[in-house]
Amino acid sequence: MRKKISLIGAGQIGGTLAYIIANKELADVVLFDIDAGIAKGKALDIAQSTSVSGSDINLIGTDNYEDTKNSDVIIITAGIPRKPGMSRDDLLGTNLKIIKQVGENIQKTSPNAFVICITNPLDVIVMALQKYSGLTTNKVVGMAGILDSSRFKYFLSQELKVPVKNIESLVLGGHGDTMVPMPNYTKINGKPIEKLISKEKLDLIIERTRKGGGEISKLLKTGTAFYAPAAAGVEMAESYLKDLKKTLPCAAFLNGEFGVKNLYAGVPVIIGKNGVEKIVEIKLSIQEKNQLNLSVKAVQDLYQIAKKIDKNL
Ligand code: APR
């Protein structure tokens, strides 16, 4: 039987997710939005593209959670995106309320799903979502590290004029300005990055990676990035549905790993048929450890603000 992916939020990222999933024939798609017109319109448009692509999947749009019942995977983008000049953290109040509603509905309709959250501010929203949905922590995960790493890889590939596929890299920590690109785990054709680029250039690329979302939001003016976030979300869903056991940087629940307890943050994890099957505890230098701690502290501080907004968190 074909798998079922429900997309909660049919905006820019939700629509792109549906389009990629349909073209890959990864699963049937339910596109859900509080705005039924957007969900139904995009579903119809993408469904009509399958006669060109030849993809054999079902795709519907809806504003009724019953239609998402028993999903294998749920990807959440419901919420508001940043406007130019806003930080991801500025979205907290509004998106927390939306995520509460989404989490409670997932608990009722798809308690066995693998849930990928994309809504920002990512680390705090995914932590709240896990609590609101009551799903186990291995089944609730946040998309950020793949996107941040892919931005880092892209900038390196442009600077060094090598194909992105020849670059291995990793970005850890929270999905914000304190994220931690990891030069020690970055290799070009298997060679350490430090041997191929000056420190000044690498520092500039790291800074551009940290501000990667803001750069796009400034250019777009009315929203923020959506193609790369959607591509990253699909990679996570595919690793789960096909039990690929890929090691991917994701926002996962830490219970002592990397010295962090009871918090979501970006770390390498193995995603397979059981969801987050393992947190891969790579060795960090003292400097990397300090940067990760700083990033984790930023997530912790924002979670304290979330707890003031909703005392039940
Ligand atoms: N339930 C379902 N959908 C909702 C709800 C809700 N309670 N509230 C809002 N939405 C829908 C909106 O109607 C809109 O169609 O969420 C969609 C969000 O789409 P966009 O505004 O286009 O935002 P997008 O660019 O897709 O980003 C979504 O992901 O990366 C993050 O920062 C980004 O938080 C933002 C989210």
Side-chain angles (χ1 to χ4, degrees), residues 6-21 30-43 45-46 61-68 71 74-110 115-129 132-133 141-148 150-151 174-177 179 211-234 236 250-251 266 302 306:
S6 290
L7 307 172
I8 312 297
Q12 296 283 55
I13 304 177
T16 312
L17 281 164
Y19 187 66
I20 300 174
I21 294 165
V30 178
L31 200 47
F32 174 99
D33 202 287
I34 38 160
D35 184 328
I38 287 188
K40 288 182 179 172
K42 287 196 180 179
D45 188 12
I46 297 167
T62 184
D63 62 352
N64 182 351
Y65 271 101
E66 273 304 299
D67 294 323
T68 71
S71 297
I74 296 185
I75 309 180
I76 300 166
T77 60
I80 53 162
R82 289 194 271 176
K83 300 233 161 54
M86 278 173 103
S87 85
R88 293 182 181 91
D89 297 359
D90 296 335
L91 308 173
L92 181 65
T94 307
N95 285 352
L96 200 58
K97 283 195 200 95
I98 293 173
I99 277 312
K100 182 166 199 275
Q101 198 184 60
V102 173
E104 289 169 355
N105 277 293
I106 290 176
Q107 185 176 51
K108 281 188 222 139
T109 47
S110 294
V115 182
I116 301 166
C117 182
I118 300 185
T119 302
N120 277 314
L122 195 266
D123 306 271
V124 169
I125 289 291
V126 70
M127 175 122 169
L129 173 72
Y132 290 138
S133 68
V141 68
M143 188 296 296
I146 303 176
L147 171 63
D148 297 329
S150 74
R151 285 181 174 148
H175 185 46
D177 295 348
M179 69 179 75
K211 306 263 163 68
E215 181 179 353
I216 292 174
S217 153
K218 222 183 269 169
L219 289 164
L220 293 180
K221 294 182 198 75
T222 52
T224 182
F226 52 99
Y227 293 111
V234 173
M236 293 165 70
C250 302
L302 193 64

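Any value given below was found using the heavy atoms of this structure, including those in side chains, with hydrogens, waters and symmetry copies removed. Both counts, for ligands and for their atoms, begin at 1 and track the order of listing.
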Next on the checklist: To check your reading of the model: name the closest protein heavy atom to atom 28 (C) of ligand 1, its residue, and the distance in Å.
Outcome noted: Thr77 O, 3.0 Å

Item to check | Close side-chain approach of Leu122 to Cys117, heavy-atom, < 4.5 Å | outcome: yes

Item to check | Residue pair Leu92, Asp90: steps toward the side-chain contact (heavy atoms from CB on, under 4.5 Å) verdict | outcome: CA-CA 6 Å; Leu92 181 65; Asp90 296 335; over 6 Å; no

Checklist outcome for this item: Among non-hydrogen protein atoms, atom 27 (O) of ligand 1 lies closest to Ile13 CD1, 3.6 Å

Checklist entry - So which protein heavy atom does atom 32 (O) of ligand 1 come closest to, and at what separation? => result Asn120 ND2, 2.9 Å

Next on the checklist: Which residue and atom name correspond to the protein heavy atom nearest atom 17 (C) of ligand 1, and how close is it?
Outcome noted: Asp33 OD2, 3.6 Å

Checklist entry - Does Phe32 approach ligand 1 within less than 4.0 angstrom via side chain, backbone, both or neither, non-hydrogen atoms only? => result side chain

Checklist entry - Does Cys250 reach the side chain of Met143, with side-chain heavy atoms less than 4.5 Å apart? => result no

Next on the checklist: Would you say that more than 12 heavy atoms from the other residues, nucleotides or ligands in this model lie under 6.0 Å from the OH of Tyr19, or not?
Outcome noted: no

Checklist entry - What atoms of ligand 1 come closer than 4.0 angstrom to any heavy atom of Ile80? => result 34 (O), 35 (C)

Item to check | Modelled atom types, side-chain donor and acceptor of Ser217 and Thr224, under 3.5 Å | outcome: no

Next on the checklist: Could you identify the single nearest non-hydrogen protein atom to atom 22 (O) of ligand 1 and state the distance to 0.1 Å?
Outcome noted: Gln12 N, 2.8 Å

Checklist entry - How about Asp148 and His175: does a side-chain donor come under 3.5 Å of a side-chain acceptor? => result yes

Item to check | Shortest protein heavy-atom distance from atom 31 (C) of ligand 1, along with the residue and atom involved | outcome: Ile118 O, 3.4 Å

Checklist entry - Nearest non-hydrogen atom to atom 18 (C) of ligand 1 belongs to which of Gly79, Gly14, Ala230? => result Gly79

Item to check | Residue Asn95 vicinity, atoms of ligand 1 by number, heavy atom under 4.0 Å | outcome: 34 (O)

Checklist entry - Which residues pass the side-chain hydrogen bond (donor to acceptor under 3.5 Å, both in side chains) test with Lys108, sequence neighbours left out? => result none

Checklist entry - Do Thr119 and Ile99 have side-chain heavy atoms sitting under 4.5 Å apart? => result yes

Checklist outcome for this item: min-distance protein heavy atom vs atom 5 (C) of ligand 1 -> Ile34 CG1, 3.5 Å

Next on the checklist: What protein heavy atom lies closest to atom 7 (N) of ligand 1? Include the residue and the distance to one decimal.
Outcome noted: Gln101 OE1, 2.7 Å

